[in-house]
Structure formats: C-alpha cells, structure tokens
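Since the structure comes first, as structure tokens, the remarks are kept for the end.
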Amino acid sequence: MNWIPVYALLLFLSTLITYVCALLISNSEDQSKKKAYLIFSLVSNFSILFFFKYFNFINTSVFELLTQFNLRWEVPNLKILLPVGISFYTFQAVGYSIDVYRGELKPEKHLGIYALFVSYFPQLVAGPIERATNLLPQFRQKFDFDYTRVVQGLKLMLWGFFMKLVVADRLAIYVDAVYNNADKHDGLSLIIATLFFTVQIYGDFAGYSYISIGSARIMGFNLMMNFNQPYFSKSIAEFWSRWHISLSTWFRDYVYISLGGNRVSFHRWQLNLLITFLVSGIWHGANWTFVIWGTLHGLFLIFSNITKKYIFRQDYWQRLSNNSSLYQGFQIITTIILVAFTWILFRANNVSDAFLIISKIFTTAGVPFLGDSRSYMMYALMSIVLLFTVEYIREYYPNLTLLDNESVQVRYISYTAMAIIIMLFGVFDGGQFIYFQF
C-alpha cells in the first residue's frame with residue numbers, strides 16, 4: 001500500500017476468492033461442482049497474475065512477430081507495474097485451493113487466520129512458498145517467549161544478512177558492470193562475472209530465505225527450509241531438490257504430478273518434465289531469457305534420463321578413477337558448470353545479450369576486467385571463501401555446530417564481528433533482493 005495503495009486490493013481479492021472457493025469445495029457433495037469451484041479459483045488468480053506480469057510481454061512479442069510479416073498490431077502496452085510478491089502469494093493461495101480440493105486439508109473457516117496465512121509478512125514477497133498444511137495450524141497455537149528459539153532465529157537472520165549484504169551485493173558490483181556492458185567485455189571477464197552471479201544469486205535468495213525463516217522462528221513459527229547446499233549437488237535433478245525447495249516442490253506436486261509425473265510412458269514422462277520446467281521459467285519472469293533458462297534445465301534432465309542406460313553414465317568414470325570422492329567431485333563440478341551456464345540466460349538483460357555473452361565466452365579471452373576498485377574483488381573473493389567454507393562444513397559435517405561449543409566470549413565476539421561487517425557493507429549500499437522482481 002505504501003507503494004501503490006490500490007494494489008493491496010489484489011492481495012485482498014486473491015485471499016477472498018481462495019477462501020470462499022475452498023469453503024464451497026468442502027461443503028459441496030457434487031464432484032463436478034467441486035471441480036468448477038477449483039477452476040474458478042485457479043482461473044481468477046492466474047488471470048490477475050497474467051494481466052500484471054505477462055500482458056505487456058505477450059503484447060510486445062505478438063507485435064514483434066507480426067511485424068516480421070508486415071502485419072499491424074496496434075494494441076498499446078499498459079502502464080502497469082508488477083505488484084510486489086504477486087507470484088509468491090498467488091502460488092501459496094492457489095496451492096491451498098488445490099489441497100482442499102484433493103481432500104488433503106480442511107478449509108480454514110476463520111477469514112482473519114486465512115488472510116494471515118496468505119499475507120504472513122516474513123515470506124510474503126519472496127517466499128518460501130509455504131504449504132497450508134504446515135503454516136495454517138501454527139496460527140492457532142500459543143507461543144511463549146523461548147530464549148533458545150529466539151537465539152536460533154537471530155543466528156539465521158545474521159547469516160542471511162551476511163549472505164545478502166556481504167557476499168551477494170559485493171559480487172553484484174562486478175556482475176552488473178560486466179553484464180550491463182557485455183559488448184565491451186571479453187570472454188574471461190564474462191566467465192568471471194557468470195561465476196560471480198552463480199554465487200550472487202545464491203547469496204541473495206538464500207540470504208532472504210534465512211532472514212525470513214529466522215524472523216518467523218523468533219516469533220515461534222517454523223517455515224520450511226528453502227535451500228540445502230545446492231552447489232554440492234551431483235546432478236541437475238539433485239540440484240532442484242536443494243534449490244528453492246518450496247517452489248520446486250510446488251511445481252512437482254501441482255504441475256508435474258498433475259500431468260502424470262513418471263507414472264506414464266517414457267516419452268510422456270520426458271514431456272512432463274519439459275512442461276514443468278518451461279512453466280517454471282515462465283514463472284520467473286516475463287522475458288524469453290527465463291523461458292529458455294527453464295527449457296534448458298528440462299532438457300538437461302531429459303538428457304540424463306535418456307543416457308542413464310549407457311555404461312559411461314553408470315560406472316565408467318567411477319571405474320576409471322577408482323576413487324568415489326574423485327568421481328563425486330567430477331559430478332559436482334559438472335553440475336555447477338551446467339547450472340552456471342544457464343544462469344547466463346537468467347541474468348542477461350535480453351536474449352541477444354545472452355547469445356553475445358555465450359559466443360564471447362567460447363571465442364575470446366582477453367584481460368579480465370577488475371573494476372574501478374580492486375578492493376571490491378578482494379572482498380568478494382574473501383566472502384566467497386567464507387561462504388563455501390560454512391557450506392562445506394554443513395554438507396559434510398552436519399553434526400558439527402559452528403561456534404555453539406565455543407565459550408561465551410568467543411561466540412559473542414564472533415557474532416558482534418559479523419554484525420559489524422554486515423553493517424559496514426550493507427548500511428550504505430545494500431541492494432534490492434533479486435527475487436523481489438518475481
């Protein structure tokens with residue numbers, strides 16, 4: 001409302017529609033009516049999302065297509081802005097409607113409690129996309145002050161602010177300078193910027209998730225974890241079980257499974273995967289770069305499924321190296337390279353920029369761009385080392401609690417030092433969260 005007051009009505013409308021439709025679905029004995037109420041809920045909510053997020057994109061795409069055939073298209077673009085968090089709260093509300101329709105959840109009769117579920121402030125604008133089965137019952141519980149829980153929440157928030165303000169925003173300075181002027185940079189600079197963005201988007205989005213989960217934890221609420229050391233994944237499939245978990249499981253449960261999942265013929269299964277990732281790409285933004293990004297991930301999974309039966313995919317590398325750790329390292333590096341390659345499409349301003357960047361990476365080298373201040377590069381590299389040191393410990397030594405076994409003095413000095421670092425880096429030039437644009 002502080003931004004555009006009337007946009008608050010969109011959140012209210014989505015809340016009211018899904019609330020009423022869920023009650024009608026639950027109270028109806030006629031299966032056809034249940035389905036009609038669900039369809040109305042889906043169509044009305046996705047229509048709002050489509051109008052504000054995709055109308056201008058589709059309108060421009062149609063105009064450009066018809067222009068190629070010398071045909072006129074005079075529908076003007078609308079002067080509208082994307083409401084903050086509309087993709088997240090729409091999916092959360094729609095998921096609730098589907099859960100009630102499937103009989104997995106009884107509808108919430110208290111409008112205030114349901115409205116709080118849709119608009120719960122820690123995760124309203126960028127997730128995690130919560131499930132009603134997890135969050136709704138918590139609004140009826142009574143929470144007393146719990147020192148241990150508050151400390152846990154503050155630690156999560158502290159680490160989230162570090163990931164965002166110290167890691168992601170340092171890397172963003174270099175990434176923005178290179179990607180926004182791709183025609184002026186050579187392959188080596190573009191490779192460095194791509195690798196930096198690979199870490200930046202993780203620090204930015206996982207950082208937000210930790211802040212969100214931590215702030216909710218302080219108040220007594222448990223939100224689902226959204227990231228689980230994704231860059232230690234050994235395949236694209238595993239990557240998507242660790243990255244943006246709330247969204248990937250949403251698409252799995254409400255799109256992929258609804259299409260038939262893997263309980264169909266092999267070719268239909270691959271089509272289901274491709275459709276799911278195509279929709280995921282479209283969800284991320286009204287730009288062809290996101291469509292191609294999602295399609296690439298779908299194609300990677302399809303290629304993996306097709307080649308599983310061949311010996312080189314089963315055990316060749318493992319027998320060649322005779323070292324399982326080396327083999328796993330190879331898998332992790334290969335997965336990171338594939339993911340980083342797709343991030344080019346995600347970060348590029350448009351498709352032509354993306355193709356220019358890819359072509360330069362494979363055809364030119366040049367002297368790496370170091371930016372206006374080399375100290376930024378030094379800070380960025382130091383922050384990356386610290387981030388992945390913690391990630392490595394969490395991945396391979398999950399029972400090792402960082403700092404918890406140290407003395408009070410060591411703990412408080414460490415937390416205070418981190419807080420000072422965060423404030424030094426973030427107070428003056430903290431940037432917007434990347435996923436606020438979705």
Side-chain angles (χ1 to χ4, degrees), residues 39 42-43 45-62 64-65 82 86-88 90-92 94-95 98 126-127 129 198 201 205 226 230 233 235-308 335 338-355 358 434-435 437-438:
I39 291 174
L42 298 180
V43 170
N45 278 278
F46 286 136
S47 294
I48 296 172
L49 181 62
F50 168 84
F51 177 78
F52 282 92
K53 190 170 182 176
Y54 302 106
F55 178 84
N56 286 344
F57 166 64
I58 293 177
N59 190 48
T60 301
S61 298
V62 171
E64 293 175 350
L65 177 64
L82 182 67
I86 188 170
S87 297
F88 289 92
T90 298
F91 269 36
Q92 188 156 304
V94 164
I98 298 173
I129 303 173
T198 300
I201 191 170
F205 193 26
N226 216 16
S233 303
S235 67
I236 294 296
E238 184 182 348
F239 173 79
W240 279 106
S241 70
R242 292 167 172 252
W243 178 277
H244 202 347
I245 299 170
S246 64
L247 180 68
S248 58
T249 54
W250 196 98
F251 278 115
R252 179 198 67 195
D253 294 343
Y254 301 124
V255 178
Y256 176 68
I257 291 178
S258 297
L259 291 171
N262 60 359
R263 305 182 309 276
V264 291
S265 67
F266 181 82
H267 291 91
R268 176 57 190 273
W269 173 30
Q270 305 316 300
L271 180 61
N272 291 345
L273 283 172
L274 187 61
I275 292 173
T276 301
F277 277 94
L278 177 62
V279 174
S280 174
I282 294 171
W283 177 90
H284 276 86
N287 194 318
W288 286 109
T289 54
F290 296 114
V291 176
I292 300 173
W293 170 79
T295 303
L296 278 176
H297 275 276
L299 292 175
F300 288 158
L301 283 176
I302 292 172
F303 177 80
S304 175
N305 291 332
I306 292 174
T307 59
K308 269 183 181 178
T335 302
L338 291 174
V339 171
F341 178 79
T342 64
W343 285 138
I344 296 173
L345 276 303
F346 198 97
R347 175 57 184 84
N349 296 323
N350 49 60
V351 174
S352 60
D353 272 10
F355 288 152
I358 293 170
I434 292 174
Y435 266 68
Q437 65 182 296
F438 304 132

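All residue numbers in this chain count up from 1 along the given sequence. As a basis for the values below, the full set of heavy atoms in this structure was taken, side chains included, without hydrogen atoms, waters or symmetry mates.
Annotation: side-chain hydrogen bond (donor to acceptor under 3.5 Å, both in side chains) contacts of N59 (sequence neighbours excluded): W73, N77. Partners of S87 by side-chain hydrogen bond (donor to acceptor under 3.5 Å, both in side chains), not counting sequence neighbours, listed by chain and number: K53. With sequence neighbours left out, D353 forms a salt bridge (Lys or Arg N to Asp or Glu O under 4.0 Å) with no residue at all. S61 meets the side-chain contact (heavy atoms from CB on, under 4.5 Å) test with F57, W288; sequence neighbours excluded. Residues passing the side-chain contact (heavy atoms from CB on, under 4.5 Å) test with N272, sequence neighbours excluded: Y256, L259, V264, R268. In this structure, the ring-ring contact (aromatic ring centres under 6.0 Å, His included) partners of F88, at least two apart in sequence or on a different chain, are W283. Take I58 and apply the side-chain contact (heavy atoms from CB on, under 4.5 Å) test, not counting sequence neighbours, and it matches F50, Y54, V62. Listed by chain and number, the residues in a side-chain contact (heavy atoms from CB on, under 4.5 Å) with I201 are F197, Y231, W243, W343, F346, I434, Y435 (sequence neighbours excluded). Looking at residues two or more places apart in sequence or on another chain, you find a side-chain hydrogen bond (donor to acceptor under 3.5 Å, both in side chains) between S352 and N350.
Between the side chains of N226 and S246, at least one donor N or O lies within less than 3.5 Å of an accepting N or O.
Between the OG atom of S47 and the CZ atom of F55 there is a distance of 13.0 Å, given to the nearest 0.5 Å. Note that the CZ atom of R347 and the OG1 atom of T289 stand 10.5 Å from one another [nearest 0.5 Å]. To the nearest 0.5 Å, the span separating CD1 on I358 from CG on L345 amounts to 5.5 Å. One distance of note links CG of L247 with CD1 of I129; it measures 4.5 Å at 0.5 Å rounding. The structure places CD1 of I236 at 7.0 Å from CZ of F239, a figure rounded to the nearest 0.5 Å. Within the model, atoms CG of L273 and CG of N305 stand 6.0 Å from one another, a figure rounded to the nearest 0.5 Å.
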Review item, side-chain donor-acceptor pairs of residues 292-301, under 3.5 Å, at least two apart:
{"from": "T295", "atom 1": "OG1", "to": "V291", "atom 2": "O", "distance (Å)": "2.8"}
{"from": "H297", "atom 1": "ND1", "to": "W240", "atom 2": "NE1", "distance (Å)": "3.0"}
{"from": "H297", "atom 1": "NE2", "to": "T342", "atom 2": "OG1", "distance (Å)": "3.1"}

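Sorted by first then second residue, the salt bridge (Lys or Arg N to Asp or Glu O under 4.0 Å) pairs that include residues 284-296, not counting sequence neighbours, number zero. Counting only residues at least two apart or on different chains, no salt bridge (Lys or Arg N to Asp or Glu O under 4.0 Å) pair has a member in residues 294-303.
The two residues T335 and S235 have their closest heavy-atom pair at OG1-N, 3.2 Å.
Put simply, the side chain of S280 never gets that close to the backbone of T276: no donor and acceptor are under 3.5 Å apart.
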